[in-house]
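Working notes, beginning with the structure itself.
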Amino acid sequence: MELWRLTVHEAHELLKRREISSLELAKAVLERIGAVESKVKAFLTVTEEVALKMAEEADKRFAKGDTVTPLTGIPVAIKDNMCTKGIRTTCASKILHNFVPPYDATVVAKLKEAGAVFVGKTNMDEFAMGSSNEFSGFYPTRNPWDLERVPGGSSGGSAVAVVTGECLAAVGSDTGGSIRQPAAFCGIVGMKPTYGRVSRYGLIAFASSLDQIGPLTRDVTDCALMLNVIAGHDPMDSTSIPQPVPDHTQALVADVKGMRVGLPKEYFGDGIDPQVAESVRQAAEQLAKAGAELVEVSLPTTDYALAAYYIVAPAEASSNLARYDGVQYGYRAAVADDIVAMYSKTRKEGFGHEVKHRIMLGTYTLSAGYYEAYYLRATKVRTLVRRDFERAFKRCDVLLTPTSPVPPFKLGERTDDPLLMKMSDICTIPVNMAGLPGISVPCGFLDGLPVGLQFIGKVLDEATLLRVAFTYERLSGYRNLLAPL
Ligand code: GLN
């Protein structure tokens, strides 16, 4: 048996029964990385030694009868914008090419405590700004279903690692769709939890009021298991929610009888590929046959969410990225006449084009005289977007939409068209603007390329998302898809 084909829960059963060891599992995954990585480039750093050592530790836990968790001995990958003590963390940026964090992000610490095995740090768009992984400061990741196409972004490396068997599960971050869109493009499950459900401590900040960490997995059960480990209040993140975390595996019930599933009409019209819309509609029909009640709803401000996001996110980014000046850590320009020249050369050489673009945009919209016209107005639009959802949730329990308006596109196809690139996130961005949880699950293939659908839930109601996603997974049979490589 090729062990990298196992899901987290399948591997856990075998580990528990001592039919396989964590070391065997880690070696199988590392070998798989050796076999496919040159084709897909999902990683920026592969941590072979760390993985073997952590796997041995996990085996000791099993051998001694110590407490184990469903993640003990499971090979996972971590997006390269989460701080890992002693392991290089670049955010896919030249400006952090040599940065080795002195501490672990809370999510990383939680995974360690659970006994997970770290196989590496995954590629991404630089500072998580992008939708295709083509804006990585190092090299693009490729979609394993068609190597000429993008895997989505910005957590494209994490999604690809999961669907190729280069890990069993991964974590990513989602500011406007960066977990869900690559999950859809790669044929896996990706969840952005409620804003504040998972600690952002040690996540390299892009847009702090939108950023959220979440799991990328091969089925819904694994998503619940990962969420159980990473969620929870953290005093180190003042925006994390001080609420207990339920056991999300309790939500894995294949039953949607009486559940009201809302279909927002704005997500099935203009700008959405008709075949994608059709796949999602068919999924809705399947849920209806299983007893769900379909309700048409309207989210009228959807059209403005994207524009408002591209004010709010760059504004926060311009402020967050001010810290990269070549002084304390990271890249520093070799020669400069004085300190101001050093700052400016460092930033000119260290940041890529897209990141500079956003810093300039953000600085502009926050500057005196423009703040009210742009930033303040965008935050008001944000309130309207949130109210739209609140109104819709009076009539339904969960919303169903496409995840991405289009199937995976070709490398280079959108890099010269910023608007088209940004349109990749029209279905996911409103969810971040409102702070709601969303999950993408595979719902079929178009010309051999995966298509995903998105469920959107109420604040802190990840349970309903998992339940409907789990039911749909049973109905569709789309789980543990592995790309043919
Ligand atoms: N693609 C969006 C952007 O470029 C969202 C990215 C993300 O979620 N990190 O901002």
Side-chain angles (χ1 to χ4, degrees), residues 79-82 91-93 122-137 140-141 150-159 170-185 190-193 195 198 200 203-216 271 305-321 351-362 365 378 382 403-406 408-409 414-415 417-440 452 454 456:
K79 186 175 180 180
D80 210 23
N81 60 352
M82 291 171 218
C91 230
S93 182
T122 54
N123 199 8
M124 52 185 282
D125 291 289
E126 184 178 1
F127 281 98
M129 298 172 186
S131 313
S132 70
N133 258 56
E134 290 165 291
F135 296 147
S136 164
T141 299
V150 304
S154 63
S155 311
S158 286
V171 276
S173 66
D174 189 312
T175 305
S178 278
I179 290 174
R180 291 160 287 159
Q181 186 251 19
F185 276 16
M191 177 191 265
K192 180 199 92 74
Y195 181 77
V198 178
R200 290 182 298 106
L203 169 69
I204 297 176
F206 162 13
S208 309
S209 76
L210 300 155
D211 299 341
Q212 186 62 196
I213 293 175
L216 294 109
L306 189 75
Y309 170 89
Y310 277 101
I311 301 289
V312 173
E316 294 184 21
S318 72
S319 159
N320 276 326
L321 271 56
F351 288 133
H353 176 268
E354 180 67 20
V355 174
K356 282 183 199 155
H357 174 84
R358 306 235 186 163
I359 292 173
M360 283 190 271
L361 206 67
T365 58
R382 190 173 182 176
T403 306
S404 160
V406 290
F409 44 90
R414 294 188 172 209
T415 36
D417 189 336
L419 188 61
L420 204 58
M421 183 68 96
K422 292 178 166 73
M423 294 292 279
S424 311
D425 303 306
I426 41 174
C427 304
T428 47
I429 274 178
V431 183
N432 299 71
M433 292 295 267
L436 303 173
I439 190 170
S440 178
Q454 170 178 241
I456 305 168

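Values in this document were obtained by computation on a predicted structure and should not be read as measured data. Note that ligands are numbered from 1 as they come in the structure, with each ligand's atoms numbered from 1 the same way.
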Trace of the side chain to side chain donor-acceptor pair (under 3.5 Å) decision for Glu316 with Ser209: CA-CA 8 Å; Glu316 294 184 21; Ser209 76; 2.6 Å; yes
Please state which part of [X] comes within less than 4.0 Å of ligand 1, counting heavy atoms only: side chain, backbone, both or neither.
| X | answer |
| --- | --- |
| Phe135 | neither |
| Thr175 | both |
| Glu354 | neither |

Nitrogen or oxygen atoms of [X] and ligand 1 under 3.5 Å apart:
| X | result |
| --- | --- |
| Ser131 | yes |
| Gly177 | yes |
| Met129 | no |
| Ser178 | yes |

Relative to the heavy atoms of [X], which atoms of ligand 1 are at a distance of less than 4.0 Å?
| X | result |
| --- | --- |
| Ser154 | 9 (N) |
| Tyr309 | 2 (C), 3 (C), 5 (C), 6 (C), 10 (O) |
| Phe206 | 9 (N), 10 (O) |
| Ala128 | 6 (C), 7 (C), 9 (N) |

Protein contact to [atom] [nearest heavy atom, distance to 0.1 Å]:
| atom | result |
| --- | --- |
| atom 1 (N) of ligand 1 | Asp425 OD2, 2.6 Å |
| atom 3 (C) of ligand 1 | Tyr310 OH, 3.2 Å |
| atom 4 (O) of ligand 1 | Arg358 NH2, 2.7 Å |

Output field: ring centroids Phe127/Phe135 closer than 6.0 Å: no
Flag for Ser93-Glu126: side-chain donor and acceptor within less than 3.5 Å: yes
Intermediate values then yes/no, side chain to side chain donor-acceptor pair (under 3.5 Å), Thr122 and Asp80: CA-CA 5 Å; Thr122 54; Asp80 210 23; over 6 Å; no
Non-hydrogen side-chain atoms of Asn432 and Arg180 separated by less than 4.5 Å: yes
Least distance between heavy atoms, Pro405 atom then Ser424 atom: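 Result for this residue pair: CD-O, 3.4 Å.
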Closest non-hydrogen atom pair, Gly152 against Asn133: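 Of all heavy-atom pairs spanning Gly152 and Asn133, the closest is O-OD1, 3.4 Å.
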Stepwise side chain to side chain donor-acceptor pair (under 3.5 Å) check, Ser154 with Lys79: CA-CA 9 Å; Ser154 63; Lys79 186 175 180 180; 2.8 Å; yes
Distance, nearest 0.5 Å, that separates NE2 of His357 from CZ of Phe351: 15.0 Å
